[in-house]
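The shown structure was predicted, so the numbers you read here are calculated from the model rather than taken from an experiment. A, B, ... follow the sequence lines: proteins, then strands. Residue 1 opens every chain.
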Amino acid sequence: MAKYLLKRFFLMLPTLFGVALVTFVLIRVIPGDVVELRYSGDRGAVSQEVIDQERHRIGLDQPVWRQFFTWLAGIVRLDFGTSMWTGAPILQEIKLRFALSLQVAIMATIVAVVLAIPLGVLAALKHLFLLIVFKWLPPMVYTPFWVSPRQNLAQLIWPALAVGYRYSAVATRMTRSAMLEVLREDYIRTARAKGLVQNLILSRHALKNAMLPVLTVVAIEFAFLIGGLVVTEQVFNLNGIGLLFVQAVAHRDYTLLQALVMLVAGMFILVNFLMDAAYAWLDPRIRYR
Amino acid sequence: MPALAVARFERRLCRRNPVLGGGRKERAVRRATTVGRGAKPPAECDEVPLRGATLRGVVGTLLEVRNLQTHFATRGGVVRAVDGVSWDVREGETVALVGESGCGKSVSALSIMRLVAAPAGRIVGGQILFKGRDLLRLGEEEMRRVRGREIGMVFQEPMTSLNPVLNIGRQLTEGLEIHLKLSPADARRRAEELLAMVGISDPGRRLRQYPHQFSGGMRQRMMIAMALACNPSLVLADEPTTALDVTIQAQILELMKDLSRRLGVAMLIITHNLGVVARYADRVNVMYAGRIVERATAREVYGRPRHPYTLGLLRSVPRLDEPRRARLTPIEGQPPDLTRLPPGCAFAPRCAFCVERCTREAPPLAEVDAGGHVSACWEAARLERVGEPVR
């Protein structure tokens with residue numbers, strides 16, 4: 001078990017490196033850089049000299065491979081540099097927004113799982129349809145959880161419900177189809193032949209097997225929520241990672257964008273790792289391989 | 001039924017079974033019972049009354065299946081997987097249900113447990129009398145209390161029939177906790193005993209392992225332990241050795257035979273392997289296309305088969321105790337489509353003994369010899385002359 005997890009853990013490193021490389025190159029493929037964009041308002045008014053000077057200041061005049069390794073060296077020390085647009089330290093920029101996005105993602109996942117698993121099981125057994133309509137209150141300004149948990153929850157429960165509801169639809173479907181599949185298995189028949197009560201057959205014999213594919217969907221969806229809530233954040237007026245992403249792309253803020261992509265990629269990889277661990281916990285065939 | 005035949009049968013029975021020897025009075029009572037029960041076939045049943053039924057109360061019929069019909073609704077029509085069969089199992093006895101794939105033998109066993117996959121499969125008629133109660137009339141909760149507690153079941157594929165994510169201990173103890181209300185610790189102790197009983201060494205460690213850490217033979221031993229956990233009086237074994245390799249098959253069968261004898265458990269062995277039948281069964285029911293075509297003691301079926309299908313099965317099995325012949329004789333043709341059975345005998349198209357009447361009229365299961373040897377064949381008499389041994 002420990003060996004399996006260790007192997008999985010070290011496999012994360014090459015993946016992260018790959019992400020860093022691809023991100024770095026792809027971002028630079030988009031035409032226009034941050035300097036051009038900044039001065040594009042005063043078209044022609046700024047001399048080439050000023051532009052070159054600015055490029056030199058933020059290091060854009062260096063060869064690309066050099067820029068890459070400088071950046072990589074920073075990452076290893078967990079130094080993501082400063083934003084090319086605002087000049088603020090990137091970690092600072094991300095920190096507050098990340099807490100918010102992470103919280104929404106976690107809450108949405110809880111909402112989704114709490115809704116999806118019982119509903120999915122029920123749907124598998126009874127072929128059920130379900131329609132829920134949520135009404136939400138106008139959003140307020142973000143209050144960190146540790147400042148006022150009540151106020152924080154009162155704000156974030158709505159985006160969490162909105163996102164979690166949609167998310168639960170996917171997870172419900174997955175639970176349902178996984179349950180239907182598992183309920184046809186021979187070992188369920190064995191469990192019935194043993195004279196177990198229905199609830200025990202479902203919870204002990206079926207659900208644990210059916211959880212594997214559901215877990216995959218839930219985990220991947222969770223990682224996606226961290227950086228992907230662009231619209232939801234707009235609707236609920238939340239200053240989260242999704243919004244920051246849009247701004248970074250608009251400004252060609254290479255350093256910020258790279259850091260954000262690395263963050264999201266890192267989340268995906270981390271979630272994948274946790275998923276592997278959960279798989280091993282649920283399925284002994286993986287654990288003892 | 002001629003009284004003489006009954007008397008002859010009983011004498012044989014008593015010789016074989018010292019318990020039944022009894023005094024004169026008991027014999028008289030027995031005869032009275034026999035006469036009293038008489039030949040009163042269920043109205044819808046096309047079979048002769050069962051020997052077991054006529055002697056019930058003496059030998060102790062444990063399970064009596066009467067005119068069972070289990071059908072499956074498919075796109076191609078209604079499949080009559082089990083089409084009006086009757087058979088019985090007496091206490092402590094091992095009965096075999098033999099036939100090719102798809103003849104309805106597994107469905108028969110699942111019907112007894114009422115585990116036929118709904119909604120496609122449905123038991124549409126008949127009775128399943130277990131210890132005098134009709135299982136088909138029990139409520140779901142009452143039926144649950146029969147499953148695993150009074151009737152255990154061993155399935156064909158020990159790999160897929162055990163839950164891969166639960167450890168052996170969990171799967172072995174849950175029945176004990178539910179049916180016998182044992183505490184977890186007591187159930188654990190009993191589980192260790194059970195594993196030791198089925199010949200698994202180091203049971204304490206084995207209980208913590210998972211099915212994939214067991215070999216095929218050990219998984220089947222575990223299945224047997226599970227089926228026997230709550231001391232059932234009947235175990236249904238559905239092709240218990242088919243998925244195992246040959247060397248293990250014999251071990252598993254020996255184990256089952258030994259345990260059934262030691263614990264006095266009756267067994268129904270479902271198989272297509274006549275070698276299994278010869279060695280381990282007391283009585284044999286041969287099934288073809290959802291019906292029983294022949295029933296007799298294992299010795300009779302082997303020595304003097306009275307149905308062409310049984311004969312065909314015997315001739316297609318290699319035998320080690322006889323000089324090797326160039327080739328086996330397979331049964332020509334395919335089993336019939338169960339949605340459109342021919343009007344006459346279902347075996348007629350493949351039968352070497354087929355006469356004109358066979359394609360017109362389905363032969364009833366009729367007594368061909370004393371001692372409960374029945375066969376559903378118009379030409380059963382001709383088969384007698386095929387003689388013994390089979391080859």
Given heavy-atom pairs under 4.5 angstrom as the criterion, report whether the side chain, backbone, both or neither of A:Ile188 touches chain B. neither
Do you know which of A:Glu185, A:Gln198, A:Arg204 has the most heavy-atom pairs under 4.5 Å to chain B? A:Arg204
Contacting region of B:Met226 [heavy-atom separation from chain A under 4.5 Å]: side chain
Given heavy-atom pairs under 4.5 angstrom as the criterion, report whether the side chain, backbone, both or neither of B:Gln156 touches chain A. neither
Is there side-chain contact between B:Val165 and A:Pro284, with at least one heavy-atom pair below 4.5 Å? yes
B:Leu236 portion near chain A, given a 4.5 angstrom heavy-atom threshold: neither
Would you say A:His205 and B:Glu174 make side-chain contact, with heavy atoms under 4.5 Å? yes
Work out which heavy atom in B:Met153 is nearest to a heavy atom in A:Ala193; give both atom names and the distance. CB-CB, 4.2 Å
Between B:Arg145, B:Met159, B:Arg114, B:Arg170, the one whose heavy-atom pairs under 4.5 Å with chain A are most numerous: B:Arg170
Rounded to the nearest 0.5 Å, what separation is found between the CG atom of B:Leu110 and the CZ atom of A:Arg192? 10.0 Å
Measuring heavy-atom distances to chain B, does A:Leu282 have an atom under 4.5 Å in its side chain, in its backbone, in both, or in neither? backbone
Looking at A:Arg173, I want to see if its CZ is surrounded by more than 12 non-hydrogen atoms of other residues, nucleotides or ligands under 6.0 Å. no
Got a second to check how far B:Glu177's CD is from A:Leu196's CG, nearest 0.5 Å? 10.0 Å
Can you find a pair of side-chain heavy atoms, one from A:Thr190 and one from B:Asn163, that are under 4.5 Å apart? no
In terms of heavy-atom proximity below 4.5 Å to chain B, should A:Arg184 be classed as side chain, backbone, both, or neither? neither
Under 4.5 Å from any heavy atom of chain A - which part of B:Met223: side chain
Under 3.5 Å donor-acceptor, A:Lys194 side chain and B:Gln171 backbone: yes
Let me know if B:Ile178 has heavy atoms under 4.5 Å from chain A in its side chain, its backbone, both or neither. side chain
Should we say atom CZ of B:Arg122 is surrounded by more than 12 heavy atoms from elsewhere, each under 6.0 Å from it? no
Before you tell me yes or no, could you show the steps for B:Met113 and A:Arg189 under side-chain contact (heavy atoms from CB on, under 4.5 Å), namely the whole-Å CA-CA distance, both residues' side-chain angles and the distance that decides it to 0.1 Å? CA-CA 10 Å; B:Met113 289 295 246; A:Arg189 192 182 57 189; over 6 Å; no
Would one find more than 12 heavy atoms of other residues, nucleotides or ligands at under 6.0 Å from atom CD of A:Glu181? no
